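Letters A, B, ... mirror the listed sequences (proteins, then strands); counts begin at 1. Heavy atoms only: backbone and side chains are in, while hydrogens, waters and symmetry mates are out. Keep in mind that this is a model prediction, so the values were computed, not measured.
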Amino acid sequence: MTDWVKIAEDQEIPKFKIDLNADEPAPTTTASKDNEPDVADPAETSLLIKILGKGLVNTKQSLDIQQKNPNSPLHSVKTFEALHLKPELLKGIYAMGFNTPSKIQETALPTLLADPPQNMIAQSQSGTGKTAAFVLAMLSRVNVALDHPQVLCLSPTYELAIQTGEVAARMGQFCPEIKLRFAVRGEEVDRNSKITEHILIGTPGKMLDWGLKMRLFDMKKIRVFVLDEADVMIATQGHHDQCIRIHKMLSSQCQMLFFSATYDKEVMDFARLIVPEPTIIRLMREEESLDNIKQYYVNCKNEEGKYNAIQNIYGCISIGQAIIFCHTRKTAAWLASKMTTDGHSVAVLSGDLTVEQRLAVLDRFRSGQEKVLITTNVLSRGIDIEQVTIVVNFDLPVDLRGNADCETYLHRIGRTGRFGKSGIAINLIDGEKSMSVCRAIEKHFQKDIIYLNTDNADDIEKIGN
DNA sequence: AAAAAAG
């Protein structure tokens, strides 16, 4: 077991539970009852205060602030005007087509924009407006009089960083004086001159390179630190080390904002250790996306069988776009070349590609020039493509030990059924092992995964409705 | 196993 897990266990976390919303049903509902996928441990829930129904959870600290301060950030807002943003930012919000705040924005924005700044750990499916929420916080805190980076945003992948940057550029389109820069693979930098842009959005390696190794900007001057997909970023296996090195260099005055669709208990405990006095926001079931996604499984004999199933499904994809997830880059490449040989038009995206290629592929898929995208876990998280109606798991997501990786599954099939639309997830099964993984996933989410016979055209027809 | 880095 790693160090931080031990620290998390040793740490004495005070226990309290306060129902902030007396009008709502009795606090018995705070117990993790009906299938809440990510709230595994009821004890975890009991450490927190929850505004029932709204899914807002708060720690004691921010409650204290609320009691002292009548303009407390705990009140949610129903309009963007109520946030008292700079007019240029408000204009940007409306230009993007947002009229009223989404649920996560309603509850998170007052805290994100509060003065003095408040730290936050937020859980919300992407596609519910969380990117826009933290981008707004990033933009609103920039002091354009200073020509050095003041805002850092870290993403786990190249694609996600670019996507976030695009949201920031659009939302800040009427604030031309705010400068933004990507710190990602392929970005050239002049090692002799300091970085002058206000906002850096990027991946951990490049950010460390520029900030620590090349000292092109001062981490101590960062005022806002955003960690997107925070759970993968701080999970022991992943980008943990790099993120922690960056985190350690930040000033204690820096506002820390952690966002993720899911947090398991260990990761949440760790997040609470490194984010001082956080406001914790959790968006509950009604906006988690499994409900509007129909899940299926297909029995296949082997890899070839899976390929045949894909071919059968391919015919009914005309309604929208599809993403096919494979376990390895190799499988993805194999599948793509096989389908291409058979005359199907498909695109592949994996870490095998150069950043330029990755950008081009995603562009083609976004614009609808490609209907089918074959990829790896690189795209399992956070990428918003509205027209995706089908997600196929060519390989089910498993962890290092080969057990069901329910978190990744949730993220993957969350690529469809976004923004309240309905979606379809199809899992290809070959043999006992993958069947048991499938059963484990079904059990975990308490959502039926229905048998689908892809050799039967009528059966495939049915999946649309 | 994948991803992030100049690796």
> NA contact type, A/V398, heavy-atom cut-off 4.0 Å: base, sugar-phosphate, or nothing?
nothing
> How long is the line joining CZ of A/R185 and P of B/dA4, in whole Å?
5 Å
> Atom CD of residue position A/Q369 - does it have more than 12 heavy atoms of other residues, nucleotides or ligands inside 6.0 Å?
yes
> Nearest to the side chain of A/T376, which nucleotide is it out of B/dA4, B/dA1, B/dA3?
B/dA3
> Hey, does A/L208 reach any base, or is it just sugar-phosphate, or nothing, if we go heavy atoms under 4.0 Å?
nothing
> CD of A/Q237 versus P of B/dA3: gap in Å, rounded?
15 Å
> B/dA3 P sits how many Å from A/I162 CD1, rounded?
16 Å
> Mind running ring-ring contact (aromatic ring centres under 6.0 Å, His included) on A/Y296 and A/Y451 for me, showing each step along the way?
CA-CA 6 Å; A/Y296 298 92; A/Y451 173 72; 9.9 Å; no
> Using the rule given for salt bridge (charged side-chain N to carboxylate O under 4.0 Å, His left out), can you reason through A/K103 versus A/E106, listing the C-alpha separation, both sets of side-chain angles and the distance that settles it, and then say yes or no?
CA-CA 5 Å; A/K103 205 152 208 171; A/E106 231 171 66; over 6 Å; no
> Does B/dA1 have its OP1 or OP2 closer than 4.0 Å to a side-chain nitrogen or oxygen of A/R329?
no
> Inspect the surroundings of NZ in A/K220 and state if more than 12 heavy atoms from other residues, nucleotides or ligands are less than 6.0 Å away.
yes
> Let me know the distance between CG of A/L160 and C1' of B/dA3, rounded to the nearest Å.
12 Å
> Between A/F394 and A/F325 (judged by ring centroids, cut-off 6.0 Å), do the two rings come close enough to count as a pair?
no
> What nucleotide among B/dA1, B/dA3, B/dA4 has an atom nearest to a side-chain atom of A/S350?
B/dA3
> Nearest-Å distance, CG (A/D405) to P (B/dA3)?
15 Å
> OP1 or OP2 of B/dA2 versus the side-chain N and O atoms of A/T157: is any pair under 4.0 Å?
no
> Rounded off to whole Å, could you give me the CG-to-C1' distance for the A/D228 and B/dA3 pair?
15 Å
> Specify the residues of residues 351-359 of chain A, ordered by number, for which at least one heavy atom lies under 4.0 angstrom from an atom of DNA chain B.
A/G351, A/R358
> Does atom CZ (A/R366) have a neighbourhood of more than 12 heavy atoms from anything else shown, all under 6.0 Å?
yes
> Distance check needed: B/dA1 C1' versus A/H411 NE2, whole Å only.
17 Å
> Give a yes or no on whether A/R215 atom CZ has more than 12 heavy-atom contacts from other residues, nucleotides or ligands under 6.0 Å away.
no
> Please state how far atom CE in A/M207 lies from atom P in B/dA4, giving the value in whole angstrom units.
14 Å
